[in-house]
Amino acid sequence: MLDPLILLPAVINGLTMGAVYALVALGLTLIYGVLHIINFAHGSLLMVGLYGVFFLHRAGVDPYLALVIMVPALFVVGYALQWSVIGKASHGSDQNVLLVTLGVSIVIENLALYFFTADTLTVDTPYVFEMIDLGIALVPLPRVIAFLSALVLAALLWLLIARSDLGRAIRAVAKERQGARLVGIDVDHIFAMSFGIGTACLGAAACLLLPMFYVSPHVGHVFVLVAFTVVVLGGMGSFSGALFGGLLIGVTESVGGLLLGESLGQIGIFLIFIATLMFRPSGLFGARLS
Amino acid sequence: MVALAVPYVLRSDFWLGFLITVLLFAALGMAWNILGGYTGQFSFGHAAFFGTGAYTTAVLHIGLGLNPWLGLATAAAAGGLVALLVGYLSFRYGLRGSYFALITLAFAEVLRILANSAEFTGGGVGLYVPLDLGIANLQFADKAGYYYVALAFAVLSLVVGWMLERSRLGAQMMAIRENEDAAQALGVDTFACKLKAIVISGALTGIGGAFYTHYYLYIDPGIAYGPGVSVEILLVPIIGGLGTVFGPLAGSAVLHGAGELARRLMGDAPGLSLIFYGVLLVVMVRFMPEGLMGVVWRIRRRSETQADA
């Protein structure tokens, strides 16, 4: 057996990374739950957010302070994208949406490559190397903040969907498009709102992620398949599922990396993904957004 | 006939190279089209078959000295085998639509990680095929030789597509695309039929991967199993026209022609041709969901009705 002194820090490390996965997956699961579409552009929109935080930092804005700017900014990006491109081009077919979001992600990613080159960029903040002593392991401060924020964000999203009028309209559209239209809900607007809120989650994720990570045009690849795994594992459209799934995947990756080495460690994620799709496609929590 | 004479007229290596790419991707696009266009199962992970074909011939040629021509055949077998596995696991558990797209993507990623970690694939460094010119070795001093091989591969794929379209199996595949439950109710063995489609598609894609290896004499996990290949393969029939025989050829010509034009006009900056591909994909789905062939049909139909009137 592994020495718990090695295993425990790996688990904690995995939990904090998993919290970031959960943050990314929360937006994805909301978009899936309402629009019933697989958003392939999710990873590249996260990349957009990360570049936003990076340039704000260069202009003197602290990454955590950037939350105030990035969350609304990415909301607008998401709303506009769904309203002007994805909704119009999909012709109501799921497979077309797959293709359109794929196309959008290719465009965004390569625009970034064209303008920012393939360089990997990081931000330097005074608290990057600050450690929190949890008794069994030292954890970097940004990771602790990301972990706690993921919990808060999941709770906020749940409140928004379960308690607000907007949330009620979103649930109505998710469940019964035609019926929602009949009672006077502007379905296209709600679609765009959901896509906007899902993208806004990425704005938050980007602010929390950058102090402990890097940004490059292809950074979205690291997260997009992992986020899909989390969403499928947790049950498409389920917030608690996304949170739990994210933490589980984070730990799997961290412990897998410890046992099998860095490059082979990721394979655990995809095997879980394939197994979930095959045996329990409704996810562990199974509940739809309704 | 015209296609056979091309290398004698066109003596530019650049244009022959361009045509080789167009033909290779027309063939790969047709392979995808058999599963995606005719049967309606959108795969986002055809790199799984492409990469397996590429590595099969590379490993067997470098390690055991297997003849590259036989390598093409073994690559077809290997691609078909992986397709059988992926297809069995996904269709057995009833995965459709977006779920099928996701699981194919995941299979390609698993294979990419394995190729990156395994010893015999050369890991992340990749594999170099030693230079040894000779027809027997599938290596040619000029591009004309590769052109003929690519042409033969494209013709093979198109003929397979053409025959399928007129066969019983093809009709069943299209029935599944239109309405799987209805097809099943009418007595079509949808599981077996989808398996046949994915195996044919995977085998053809495997040949394409093997051709790639011997054309460029190099393969690595990112090229073989990366998402880039999967995307480029699926773009071709979608732009050309899903479920049509000549769609992939038209799509490949337009896609690579446009990419080349973008490079000519704006310089060879990284990412530029891909921006173009992405825009093209969105615009096609938005304004011409039936692809180029759909436009051709519409024009033909219009002129016919005008002739009648």
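Protein chains get the first letters and strands the later ones, always in sequence-line order, with residue 1 at the start of each. Small disclaimer: the values here were computed from a predicted structure and weren't measured.
- Put simply, CZ on B:Phe287 and NZ on A:Lys88 are 10.0 Å apart, with the number rounded to the nearest 0.5 Å.
- Residues B:Val110 and A:Phe273 fail the side-chain proximity criterion, which asks for heavy atoms closer than 4.5 Å.
- Only the side chain of B:Leu95 comes within less than 4.5 Å of a heavy atom in chain A; its backbone stays farther off.
- Contact of the A:Met278 side chain with the B:Ile103 side chain is registered, since non-hydrogen atoms from C-beta on lie closer than 4.5 Å.
- Only the side chain of B:Ala101 comes within contact range of chain A, judged by heavy atoms closer than 4.5 Å.
- Only the side chain of B:Phe44 comes within less than 4.5 Å of a heavy atom of chain A; its backbone N, CA, C and O stay farther away.
- Rounded to the nearest 0.5 angstrom, B:Leu102 CG and A:Ile274 CD1 are separated by 11.0 Å.
- When heavy atoms are compared at a cutoff of 4.5 Å, A:Leu225 approaches chain B solely by way of its side chain, counted from C-beta outward.
- Near-neighbour residues of residues 38-47 of chain A relative to chain B, defined by a heavy atom under 4.5 Å from a heavy atom of that chain, comprise A:Ile38, A:Phe40.
- Rounding to the nearest 0.5 Å gives a distance of 7.0 Å between CG of A:Leu102 and CG of B:Leu235.
- Within the 4.5 angstrom heavy-atom criterion, atoms from both the backbone and the side chain of A:Tyr114 approach chain B.
- Only the side chain of B:Val231 comes within contact range of chain A, with heavy atoms under 4.5 Å apart.
- Residues A:Ile106 and B:Val282 form no side-chain contact, since every pair of their non-hydrogen atoms from C-beta on lies 4.5 Å or further apart.
- For B:Leu280, no part lies near chain A; criterion is any non-hydrogen pair under 4.5 Å.
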Go through B:Ile275 and A:Leu113 one step at a time and tell me if the side-chain contact (heavy atoms from CB on, under 4.5 Å) criterion holds.
-> CA-CA 10 Å; B:Ile275 296 175; A:Leu113 187 65; over 6 Å; no
